[in-house]
J.: 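I have a structure here, written as C-alpha cells, and I will follow up with some questions on it.
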Amino acid sequence: MDPELKIELSRQGIFTTTLEELYNWGRKNSVWPLTFGLACCAIEMIATTMARYDLARFGAEVFRPSPRQADLMIVAGTVTKKMAPQIVRLYNQMPEPKYVIAMGACAISGGPFKQGYNVLKGIDRYIPVDVHIPGCPPRPEALMDAFITLQKKIDAQHLTGADRPRHLNADEPSEFVVPEYGAHDLVPSKNLKLWNIIYKTTPNGPATAGEDGPGKD
Amino acid sequence: MDLEKIKSEIEAAVPGCSVRIVLNGSPCGQHSLLLSRERAFDVAKFLRDDPELHLDYCSNVTGVDWLDSEVSEKVKVKQVVDGAEQEVEEIRKTRSPGYLEAIYHLYSMEKKHGPLVLRLRTENRTARVSLPSLTPVWRSAEFQEREIFDLYGIIFEGHPDLRRILMWDGFEDHPMRKDYVEPNDYEYEPTAHDVVLEKSMHARAIAGQG
C-alpha cells in the first residue's frame, strides 16, 4: 500500500493496515527470551531485565525457562566445547520462529579465551545468529540496541516471496546438527552449512574473506 | 605457623613418615610441608584430629606440573695441568626427573589459624602418577581433586568418585600439563600477531590451495 495514501487516509479517520504488518507487529513486541546464562554476560543480561534498564518496555519481560515457550535465545557468555551440544539442542527444541542474539566477545568469537582447550570459537559455527553484540561484557544499552535491531529485522520480514523467513519456508532447516565430543574438539568442529567462509588469497594483496551460502547479518 | 614444631609433632604421631620443609623464598614466605606419599593419609588425619592443630578446613587444592629439570653448577676441581696442580672450574649438570604435585591449603575454623600448606609429589610424570586421596579426611577436596585428575592426570587413590569434571569423558590428554600440545585448528584472522599470525598464515596457505 502506498504510504502517502495511508497517511492521507489516517488523516480522514480511516485506519488501514496489512496482515503482514499486524503479524510482525504482534511478533516483534512479544519476543520471549530463553532463561539461561553462561558467564559474566549473563549478569549484564539480568541487569537489562531489571527496573533500571527494564527490557519489559520492549516486550521481552518474560524469560521462559523452557525452550518450547521461547522465541529468542540470548547466548550470553563463553560457550565451552562441553556446553555447545546442549546449546544447539536447546535451539533445536525451540519452536519457529526463533531468533538468536550472540552477546559478548566470547559468544561471537571465543573472545579472550579463543584457542583455549575448551572454548568454542563462536556459537555461529553451529546455529544461525541474527544479531552479534561485541563487548566484554556489553553494556545493557548494547543488549537493548541489539534487541531493537532484532525487532527491526522482524518488522522487515515479508510473509511471502523468495525472501520470506525460514519458518515460512518448508525447505529451510529448522534443526541443526548437534556436535558430538571428540578426542580434542567437537565433531564436526563447525556446521559447514552455516560457517563456510573461504579465504581467497589475492597475489600481492591482503587476504579477503569471501562468503557464499546463507547470508549473515 | 611454626612448621618446625608441626614437623616434629607429625613425626612423633605418625612413625615412619618423612616430612620435609620446603622453603618459599618470596616475600610472602609461605613455607610448606612435603609429605611422603605412603603415610600422607595418616598425617592428614592427625592434622585434622589433633586438638592443638585442629585443621578442620581444606580451603584449596591445586596441582603443579614440574618438568624434568637440569641444574648446572660450577664446581672447582683440582686438576693436573702441564705438570702443575691447578684449580679448574668445571660445570656439573645434574638432571632431576619431573613430577606432578598436589598442594593442599589447610585452615582451622575453630582455632582461627592457618594456612598450613601441604605438598604431595608423584614418583614421575608419566607412568606412576598416583597419590593418596585426602577426600575422606576433608570432604571439600572432592571436586578439586577431580579437577586435578582432569587437568593434570594425577590419580587419587581412595577418591570416592574420580571422574573428569571440566572436560568431557572422551577427552584425551590433560590440558594443564606443560607438554600438552593443542590441536592446530587455527584460521586466518587479520588482527593476529606473533605466533597466532604465523599459525593462521599457515592455515590460510592450506585454505588457498584447496
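Here is the naming used below: chain letters follow the sequence lines, and residue numbers restart at 1 for every chain. Keep in mind that this is a model prediction, so the values were computed, not measured.
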J.: Would you find a donor on one side and an acceptor on the other, under 3.5 Å apart, between the side chain of B:Trp168 and the backbone of A:Met83?
T.: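 No.
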J.: Do the rings of B:Tyr180 and A:Tyr117 sit parallel, tilted or perpendicular, given the 30° and 60° boundaries?
T.: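 Because their plane-to-plane angle is over 60°, the rings of B:Tyr180 and A:Tyr117 count as perpendicular.
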J.: Take atom CD in A:Glu96; do more than 12 heavy atoms of anything else shown fall under 6.0 Å from it?
T.: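 Yes, the 6.0 Å shell around CD holds more than 12 heavy atoms from other groups.
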J.: Calculate, to the nearest 0.5 Å, the distance between atoms CE and NZ belonging to B:Met167 and A:Lys81 respectively.
T.: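 That separation rounds to 7.0 Å.
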J.: Closest heavy-atom contact between B:Ile165 and A:Lys82?
T.: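 It is O-NZ, 3.3 Å.
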J.: Less than 4.5 Å to any heavy atom of chain B: does that hold for the side chain of A:Lys121, its backbone, both, or neither?
T.: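 For A:Lys121, the side chain is the part near chain B, not the backbone.
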J.: Shortest non-hydrogen contact from B:Glu172 to A:His184?
T.: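 So the minimum-distance heavy-atom pair works out to O-NE2, 3.7 Å.
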J.: Mark yes when over 12 heavy atoms from residues, nucleotides or ligands other than B:Arg128 sit less than 6.0 Å from its CZ; otherwise mark no.
T.: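 Counting other residues, nucleotides and ligands, CZ of B:Arg128 stays at 12 neighbours or fewer.
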J.: More than 12 heavy atoms of other residues, nucleotides or ligands under 6.0 Å from NZ of B:Lys5: is that the case?
T.: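 Not more than 12 within 6.0 Å, no.
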J.: Can you tell me if CD1 on B:Ile91 sees more than 12 non-hydrogen neighbours from other groups inside 6.0 Å?
T.: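 No, not enclosed.
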J.: Write down the atom of A:Gln115, the atom of B:Glu182, and the distance for their closest heavy-atom approach.
T.: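 Taking every non-hydrogen atom into account, O-OE1, 3.6 Å.
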J.: Please check if the number of heavy atoms outside B:Glu70 that lie under 6.0 Å from its CD is greater than 12.
T.: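 Yes, enclosed.
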J.: Within a radius of less than 6.0 Å around CZ of A:Arg57, do more than 12 heavy atoms belonging to other residues, nucleotides or ligands occur?
T.: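 Enclosed: over 12 neighbouring heavy atoms sit under 6.0 Å from CZ of A:Arg57.
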J.: Can you name the nearest heavy-atom pair linking B:Leu166 to A:Asn118, along with the distance?
T.: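 So the two residues come closest at O-ND2, 3.7 Å.
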